[in-house]
2 protein chains.
Amino acid sequence: MNSFTSENYLKAIYKLVEHGNDAVSTNAIAQKMSTKAASVTDMLKKLADKKLINYQKYQGVSLTPKGEKAALTVIRKHRLWEMFLMEKLDFKWDEVHDVAEQLEHIDSEKLISQIDKFLNYPKFDPHGDPIPDMNGKIQQQKSKAISKYKKNDIVKITGVVDHSASFLQYLDKSGLALGNEIKIKDVVEFDRSLHIVINKRSTLFISNDVAKNILAITK
Amino acid sequence: MNSFTSENYLKAIYKLVEHGNDAVSTNAIAQKMSTKAASVTDMLKKLADKKLINYQKYQGVSLTPKGEKAALTVIRKHRLWEMFLMEKLDFKWDEVHDVAEQLEHIDSEKLISQIDKFLNYPKFDPHGDPIPDMNGKIQQQKSKAISKYKKNDIVKITGVVDHSASFLQYLDKSGLALGNEIKIKDVVEFDRSLHIVINKRSTLFISNDVAKNILAITK
DNA sequence: TAATTAATTTAGATTAGTCTAAAAATATTT
DNA sequence: AAATATTTTTAGACTAATCTAAATTAATTA
């Protein structure tokens, strides 16, 4: 079994690789983990010893198949727990992350498969992120940031990029939620801000910064 | 916040105090924790520094009010999680303990109060043990081991003393469960073994060893 | 390409929790 | 009450994870 700490490193590396980067730098990991580069180097050696990552001094790291499987298992657990907290225990979407960070390390195959069943095998979590299945398979959405759509496009919100509580609270307050239908009523040339219509009812102005953090697909 | 390890020590001390002993010995704790006396001494010093236990060298330990509160919080979480696993996720009563040992350390007040609500505020867990409320208050049952009842007594099973998987599996296989009505049909003088009737239907012979581990109240 | 800057690794310490072996205190026996 | 046995504590060491400061390697710039 991997320690909580190892699991967190693997998850961080997975997410850094996922978002572009081919080989991940020590500094990038240190930043994501809120720790120091020296600590990361120490841990990388241990993970390499366990064949969880490919690591050569100064050359950055990537996950081995074994490491990726481990990372995906943690991510699966995290996202299922988030779903459980929202669906069954009335947590709000900005409240689930911290608790799921703890629950994701609970070691019980039966527990997670039963939670999965209890939730009726969801494919996406409350933030629109895909939930890997038992084998680590992910069902990808072909959504993109609403900042990339153009005037008069009608789209459905499928997820967010920024998962911070403050961003999620802002969306709540603005009446934006997963599954909402959005029409791009106008795009301001100058700053790329948007005027949108939510569910054919209310209208809202959002900055380009916000638009870049909301994911959607064409209906 | 107390560490997982500290929480486990506090829980162990609570249980040893609960079952008789006034001041708990280092060795007793070591045995319960499956560790060495030297390790226990080290930890006792730390717990005493944090005012969680009363500790004087060579004199044994007891919990301070603060330590007892902490222990009861862990026990509350453990028992609520056991209940959740059985009621909602179809775990059997011999499967819940190990997972609950992990879940009891998750740190989130909202999580545990929501689980409590979700289960409709149960007062006893799947083994018949009382679940402390938010303030650490426990609703005691006045039950005793069925080995202490006499011929023709009719009682209801309310709990077990031994919580091991093997004992619980034996009870399952014998058709004994919490809430069952039991009639003491006969007591064998020689070895104090019992002949009982379960729910007015089947009969069963049980040894005194087993009888001492089944708790019940008169109907 | 040499010099400078930035990133990474090493060296050496620290903390929490654990251990073994030895010393000290307490309990039990005779 | 002295001798013996048991329990508990101390001393010193180990591991995992972390840190700071110094050294090394790689990348950038002049």
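By convention in this document, chain letters (A, B, ...) are assigned in the order of the sequence lines, proteins followed by strands, and residues within each chain are numbered from 1. Please read these numbers as outputs of a predicted model, since none were measured by experiment.
- Within the 4.5 Å cutoff, side-chain heavy atoms of His78(B) are placed close to those of His97(B).
- The CD-C1' distance, from Gln56(B) to dT26(C), rounds to 15 Å in whole Å.
- Side-chain nitrogen and oxygen atoms of Lys45(B) include at least one within less than 4.0 Å of the OP1 or OP2 phosphate oxygen of dT10(D).
- Using modelled atom types, no side-chain atom of Lys51(A) and backbone atom of Thr64(A) make a donor-acceptor pair closer than 3.5 Å.
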Scan nucleotides 22-26 of chain D against the protein and return all N/O pairs shorter than 3.5 Å with their distances rounded to 0.1 Å.
from    : atom 1 : to       : atom 2 : distance (Å)
dT25(D) : O4'    : Tyr58(A) : OH     : 3.4

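- At most 12 non-hydrogen atoms from other residues, nucleotides or ligands lie less than 6.0 angstrom from NZ of Lys92(A).
- Residue contacts for Thr41(B): at a heavy-atom cut-off of 4.0 Å it reaches a base atom on one of the strands shown.
- Contact annotation: Ser25(A) does not reach the phosphate of dA7(C) (side-chain N/O to OP1 or OP2, under 4.0 Å).
- A 4.5 Å side-chain heavy-atom check between Glu7(A) and Thr73(A) finds every atom pair outside the cut-off.
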Could you go through nucleotides 12-19 of chain D and list every protein N or O atom that sits under 3.5 Å from one of its N or O atoms, giving the distance for each pair?
from    : atom 1 : to       : atom 2 : distance (Å)
dA17(D) : OP1    : Ser3(A)  : OG     : 2.6
dT18(D) : OP2    : Tyr9(A)  : OH     : 3.4
dT18(D) : O4     : Asp42(A) : OD2    : 3.4
dC19(D) : OP2    : Thr35(A) : OG1    : 2.5
dC19(D) : OP2    : Lys36(A) : N      : 3.2
dC19(D) : OP2    : Ser39(A) : OG     : 2.5
dC19(D) : N4     : Asp42(A) : OD2    : 3.3

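- For Asp22(A), the CG atom counts as loosely surrounded, since its 6.0 Å shell holds 12 or fewer non-hydrogen atoms of other residues, nucleotides or ligands.
- Summarising the geometry, the separation between CD1 on Ile29(B) and P on dG17(C) is reported as 15 Å, rounded to the nearest angstrom.
- Looking at heavy atoms from C-beta onward, Pro130(B) lies out of side-chain contact with Lys123(B) at the 4.5 angstrom threshold.
- OP1 or OP2 of dT8(C) has at least one side-chain nitrogen or oxygen of Asn27(A) nearer than 4.0 Å.
- Residue Tyr55(A) places at least one side-chain N or O under 4.0 Å from the OP1 or OP2 atom of dT9(C).
- When the C1' atom of dA16(C) is taken as reference, atom CG of Asn8(B) falls 14 Å away, rounded to whole Å.
- Residues Lys144(B) and Tyr149(B) are in side-chain contact: their nearest non-hydrogen atoms beyond the backbone lie under 4.5 Å apart.
- Checked against the 6.0 Å centroid criterion, the rings of Phe84(A) and Phe84(B) qualify as a close aromatic pair.
- The two residues Asn208(B) and Ser147(B) make their nearest non-hydrogen contact at ND2-CB, 3.7 Å.
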